[in-house]
Structure formats: structure tokens, C-alpha cells
Amino acid sequence: MSVAIELAKAGVEQGLGGPFGAVVVKDGVIIGRGQNRVLADADPTAHAEVVAIRDACAHLGSFQLDGCTLYTSCEPCPMCLGAIYWARPARMVYACTRHDASAVGFDDGMIYEELNRPMEERRIPTQQCMRNESLEAMELWARKTDKTEY
């Protein structure tokens with residue numbers, strides 16, 4: 001955890017993005033590191049946890065983090081939490097809470113609220129179209145005999 005916290009501090013000092021750092025550990029060795037790089041990369045998805053997951057997966061040559069622990073300097077936002085669940089580490093450990101982050105200007109509360117609203121009541125207008133055409137891709141996947149399940 002101390003490395004994740006140091007990455008968070010360094011990222012702030014370097015102007016990379018917000019005060020967030022993360023590491024992925026397997027068998028006692030750090031195999032992935034991440035800092036919030038939203039500003040540096042002009043990428044709203046470049047959160048520390050996502051960067052660390054990408055780094056660790058590249059190191060492992062796998063899209064899953066079997067047997068790994070993700071340490072993050074702050075409770076993950078909804079996007080990062082989704083990425084963590086998709087990566088399937090054995091566990092996650094965090095330091096600050098989302099309320100600590102909110103107190104310094106990083107408030108994900110709106111996203112949590114939006115997730116509980118029906119689509120038609122969300123802030124970003126959303127509509128569905130071309131479902132039947134898109135189902136063709138789903139059907140291709142369902143019929144694929146040499147697919148990698150995940």
C-alpha cells in the first residue's frame with residue numbers, strides 16, 4: 001500500500017492527474033503500477049487502478065489477475081470497480097474512502113445516483129437503436145467454437 005500512496009503523491013507533484021495510485025501484487029512482487037493520468041494523457045479512463053491493471057495484465061500476458069491483490073490509495077470509483085471485477089483479482093485493499101476523495105473535489109456520488117435511475121431519467125440522454133443488427137454479433141459469438149470464455 002505504501003507504494004500505491006507514493007505513486008499518488010508523485011502523480012500530484014508531477015501534474016499527471018488526481019491524488020490516486022495503485023499497484024498489483026502477485027506472490028509478493030509488484031507486477032503492475034498505476035497513477036492517475038487523466039490530465040497527462042487527456043484520457044478520462046486513465047485512473048490509477050485501470051493503469052495498474054493494464055500494466056499487470058501486460059506483464060502476465062493475461063486479461064485476468066488470478067492470484068493477485070490490487071492495492072489502491074483510495075476506494076475505487078464505479079468505473080474502476082467495474083474494471084477490477086472484470087480483471088478478477090483475488091482481493092482488493094484500499095486506503096482512503098470515496099468520502100475522503102469527495103472532500104477534496106473528487107465526488108463520484110452523481111455516478112452512483114445515476115446507476116440507480118432508469119435510463120430515461122439519466123442526465124445523459126440515452127436511446128437504443130439497431131438492436132437486431134447488433135444481435136448478429138452476439139449470435140456470432142454464441143456460435144463460435146474456439147472462443148476464450150471470460
Side-chain angles (χ1 to χ4, degrees), residues 1-102 104-116 119 122 124 126 128 130-131 133-150:
M1 181 62 81
S2 60
V3 174
I5 293 168
E6 287 304 315
L7 286 168
K9 291 177 185 177
V12 171
E13 292 169 352
Q14 297 165 9
L16 302 177
F20 308 101
V23 295
V24 177
V25 175
K26 183 169 180 115
D27 300 326
V29 176
I30 295 174
I31 61 164
R33 297 171 188 260
Q35 294 166 288
N36 182 291
R37 298 190 51 85
V38 168
L39 300 177
D41 296 350
D43 179 354
T45 69
H47 289 199
E49 297 90 342
V50 172
V51 174
I53 288 168
R54 290 174 179 162
D55 190 33
C57 287
H59 175 85
L60 293 173
S62 174
F63 58 89
Q64 306 231 296
L65 299 176
D66 298 325
C68 296
T69 300
L70 184 138
Y71 293 89
T72 179
S73 66
C74 189
E75 179 180 354
C77 74
M79 176 188 71
C80 291
L81 189 59
I84 292 164
Y85 272 88
W86 282 119
R88 294 179 176 87
R91 72 183 188 129
M92 175 188 64
V93 180
Y94 67 94
C96 290
T97 68
R98 66 183 185 188
H99 305 292
D100 296 325
S102 177
V104 297
F106 294 91
D107 189 4
D108 299 327
M110 178 272 296
I111 298 172
Y112 288 102
E113 291 171 12
E114 286 287 291
L115 290 172
N116 289 319
M119 290 282 225
R122 293 186 180 169
I124 297 177
T126 304
Q128 184 181 25
M130 297 184 71
R131 178 176 179 263
E133 292 82 354
S134 188
L135 279 173
E136 293 173 17
M138 300 293 175
E139 292 164 1
L140 281 172
W141 176 259
R143 289 191 306 268
K144 188 172 176 61
T145 57
D146 61 343
K147 63 187 166 205
T148 301
E149 298 284 349
Y150 60 98

- Message: In the structure I gave you, are the side-chain heavy atoms of D108 and P78 within less than 4.5 Å of one another anywhere?
- Response: yes
- Item | Interatomic distance, E49 atom CD to C74 atom SG [nearest 0.5 angstrom] | 7.5 Å
- Task: Please answer whether the main-chain N or O of P44 pairs with a side-chain N or O of H47 as donor and acceptor at a distance below 3.5 Å.
- Result: yes
Kindly list each side-chain donor-acceptor pair under 3.5 angstrom involving residues 52-60, sequence neighbours excluded, with atom names and distances?
from	atom 1	to	atom 2	distance (Å)
D55	OD2	R33	N	2.9

- Pairwise distance CZ(F63) to CH2(W86) - rounded to 0.5 angstrom: 10.5 Å
- Donor-acceptor pair, N116 side chain versus E113 backbone, under 3.5 Å? no
- Heavy atoms of C80 and P76 approach each other most closely as CB-CB, 3.9 Å
- Task: Hey, could you give me the CD1/CE distance between I84 and M79, rounded to the nearest 0.5 Å?
- Result: 10.0 Å
- Message: Ignoring hydrogens, what is the shortest heavy-atom contact between G34 and V51? Give both atom names and the distance.
- Response: CA-CG1, 3.7 Å
- Task: Might you point out which heavy atoms bring L81 and M92 nearest each other, and give the distance in Å?
- Result: CD1-CE, 4.4 Å
- Item | Side chains of E136 and L140 in contact at under 4.5 Å (non-hydrogen atoms) | no
- Query: Under the side-chain contact (heavy atoms from CB on, under 4.5 Å) test, which residues partner A90, sequence neighbours left out?
  - Reply: none
- Applying side chain to side chain donor-acceptor pair (under 3.5 Å), name anything that partners E114, two or more places apart in sequence or on another chain. R117
- Note on the structure: Closest non-hydrogen contact found for R98 with Y112 is NH1-CZ, 2.8 Å
- Query: Residues in side-chain contact (heavy atoms from CB on, under 4.5 Å) with M1, at least two apart?
  - Reply: A4, I5, Y71, V93, A95
- Task: Can you measure from CG (L115) to CE (M110) and round to the nearest 0.5 angstrom?
- Result: 9.5 Å
- Note on the structure: Sorted by chain and residue number, the salt bridge (Lys or Arg N to Asp or Glu O under 4.0 Å) partners of K144 (sequence neighbours excluded) come out as D146
- Message: So C77 and I111, do their side chains get closer than 4.5 Å, heavy atoms only?
- Response: no
Contacts under 3.5 angstrom, residues 13-26 side chains, donor-acceptor by atom type, not counting sequence neighbours:
from	atom 1	to	atom 2	distance (Å)
K26	NZ	D66	O	2.7

